[in-house]
Student: 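Below is one structure. I have some questions about it.
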Number of protein chains: 2
Amino acid sequence: MESSHRNLTQQVVHELGKSIFQGTYKVGDSLPSEAELCTRFNISRTATREAVKMLTAKGLIGSRPRQGIKVLDSKHWNLFDVDVLDWILIGKPDLYMLRSFQQLRLAIEAEAAFLAAQYAQPEDIKAIEDALVRMKDATNGEDDTHEADIDFHQSILSASQNPFFIQLKNFITTALKVNLRFTNRLKAVTLEEYQAHVDIFDNIKAKDSQAAFDGAMVTQRATLALINEQIQQFESKGDS
Amino acid sequence: MESSHRNLTQQVVHELGKSIFQGTYKVGDSLPSEAELCTRFNISRTATREAVKMLTAKGLIGSRPRQGIKVLDSKHWNLFDVDVLDWILIGKPDLYMLRSFQQLRLAIEAEAAFLAAQYAQPEDIKAIEDALVRMKDATNGEDDTHEADIDFHQSILSASQNPFFIQLKNFITTALKVNLRFTNRLKAVTLEEYQAHVDIFDNIKAKDSQAAFDGAMVTQRATLALINEQIQQFESKGDS
DNA sequence: ACAATAGTATTTATAATACAAATAAAAAAA
DNA sequence: TTTTTTTATTTGTATTATAAATACTATTGT
């Protein structure tokens, strides 16, 4: 039995949300009617309707009398919602989705580094440094590389002191997880990658915002280039 | 009577959402209990609960038995939700909020221009150009400057072909509106500003992504610098 | 045959009531 | 004082009933 710590309504929200991103219900499709959802999940109309309302609030579906419940066009989806990002991940994103993540990551993380260099407080610097230490330890197998990596990027966003960048922690975290799916290296980050992180940190600590920006940008563009190569490879294979 | 085209639940969502961003209920505060909300809005528990669930889905509030309904910490708020952005605007954002908007705008719009140069389809180019024409007309008072400006920025985001950038249209639109609040120029954009837009468009059309990026970045950094000046002025005035 | 109209059926929207579950606060016991 | 038990309050879920919206059907008139 999964996620029984959540209440009924939230479980249904999760199930339906997953279904949408797994393609069970596509854009424009009708979901089962309230009545049918009740019987299918064996719950009351109250719980069903509340679940529907929550998905409505996240921009995934819309409901009108007689017309039923329909999946809205994806332009309405709140892609930066924590739950939605979870469902994207569960829905097994493809290479194109990975690229979309990386394209926005690049934009956000470079400027976040810039702002961190300007506005980071001592405790922010410490948080970044801590994550960095754990990354180094991880290269020796002493810690989880991936978690430390996530913490590193998250603490830079925090250091920006900007609520919008901070809210994008969810997005960046999911982006890193998607990335991991494709690169699926069994072990630590390379020393080269680690050094790039250190360089960015040094520039943030030194309050050299432009250097921090440039450093992050170079790293991110490199990652994006790799993804584009993979896509090109994939597409030429498909053409033959 | 306002917003009577929406159904009851959504009206309550709007009222409560507004209240939170207007400071009626602050982070950590309890909202009135379900029972009290029912009497206050003169609606059934059904409608009340559905409204609460929608705000919960947007990350604004949380509810637990006996503890009641509380405003969550702002780090949980879905700041990129259309409704939330509306409420931010209604809540009369200050200079610091304006800066936060601008900081993220800068990151997004520069890279969006970069991607637009790479991936824009003919119809995207046309949409950008159309907006540009309407902006020029607006300098002669023939059209609404602000709307044309919004369309210009939105169509660049569309041209990126990236769902995440496209979802950020709401954010950019709100950012532009917040900006307008502070600069509150009665009339058109200056010719200088207009020319900057044209330059970016030309580079996108010429598929020179780096130039498009640089052009957008310069413009955005200039805007940010202006805001920072205003903040500095404001802060020095407050110190005296 | 076609168009406008009226009627019907289906689905969501709202209301009202009842009870269950969680939990904070108070009372009792150790 | 500390722990346990009880109690009261609030949200969570279920059920039933009715209203409102609207797609579909039948009817009517031309």
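Residue numbers start from 1 in every chain, and the chains themselves are labelled A, B, ... in the order their sequence lines are given, proteins ahead of strands.
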Student: Which ones in residues 54-63 of chain A lie close to DNA chain C, meaning a heavy atom under 4.0 Å from one of its atoms?
Tutor: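 Heavy-atom contacts with DNA chain C come from A:Ser63.
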Student: Mind listing the N/O atom pairs, protein and nucleotides 19-21 of chain C, below 3.5 Å?
Tutor:
none

Student: Apply side-chain contact (heavy atoms from CB on, under 4.5 Å) to A:Ser74 and list each qualifying residue two or more places apart in sequence or on a separate chain.
Tutor: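 A:Ser74 satisfies side-chain contact (heavy atoms from CB on, under 4.5 Å) with A:Trp77 only.
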Student: May I ask you to verify if any side-chain N or O of B:Arg66 is less than 4.0 angstrom from the OP1 or OP2 atom of C:dA25?
Tutor: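 No, outside the criterion.
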Student: Going 5' to 3' along DNA chain D, which nucleotides are the first and last within contact of chain A (any atom under 4.0 Å from a heavy atom)?
Tutor: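 Contacts span D:dG12 to D:dC24, reading 5' to 3'.
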Student: Just to verify, what does B:Asp130 make a side chain to side chain donor-acceptor pair (under 3.5 Å) with, not counting sequence neighbours?
Tutor: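 Partners of B:Asp130 under the side chain to side chain donor-acceptor pair (under 3.5 Å) test: B:Lys126.
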Student: Which pairs would a plain distance check flag for residues 82-90 of chain A, meaning a side-chain donor or acceptor within less than 3.5 Å of a matching protein atom at least two apart in sequence or in another chain?
Tutor:
residue, atom, partner, partner atom, Å
A:Asp83, OD2, A:Lys58, NZ, 3.0
A:Trp87, NE1, A:His14, ND1, 3.1

Student: Among residues at least two apart in sequence or on other chains, which ones pass salt bridge (charged side-chain N to carboxylate O under 4.0 Å, His left out) with B:Asp151?
Tutor: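 By the salt bridge (charged side-chain N to carboxylate O under 4.0 Å, His left out) rule, B:Asp151 matches B:Arg134.
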Student: Using the test side-chain contact (heavy atoms from CB on, under 4.5 Å), find all partners of A:Ala127 that sit at least two apart in sequence or belong to another chain.
Tutor: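 Expected list: A:Ser155.
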Student: List in chain and number order the residues that pass side chain to side chain donor-acceptor pair (under 3.5 Å) with A:Arg66, two or more places apart in sequence or in another chain; answer none if no residue qualifies.
Tutor: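 Applying side chain to side chain donor-acceptor pair (under 3.5 Å) to A:Arg66 gives none.
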Student: Taking only residues two or more places apart in sequence, or in another chain, which ones meet A:Arg64 in a salt bridge (charged side-chain N to carboxylate O under 4.0 Å, His left out)?
Tutor: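 Here no residue qualifies.
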Student: B:Glu123: which residues meet the salt bridge (charged side-chain N to carboxylate O under 4.0 Å, His left out) condition with it, sequence neighbours left out?
Tutor: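 Residues passing salt bridge (charged side-chain N to carboxylate O under 4.0 Å, His left out) with B:Glu123: none at all.
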Student: Considering every strand and a 4.0 Å limit on heavy-atom distances, what is the contact class for A:Lys70: base, sugar-phosphate, or nothing?
Tutor: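 Counting heavy atoms under 4.0 Å across all strands, no contact is made by A:Lys70.
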Student: Give me the residues of residues 24-34 of chain A where at least one heavy atom lies under 4.0 Å from an atom of DNA chain C, by number, or none.
Tutor: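 Residues of residues 24-34 of chain A that come under 4.0 Å of DNA chain C are, in numerical order, A:Ser33, A:Glu34.
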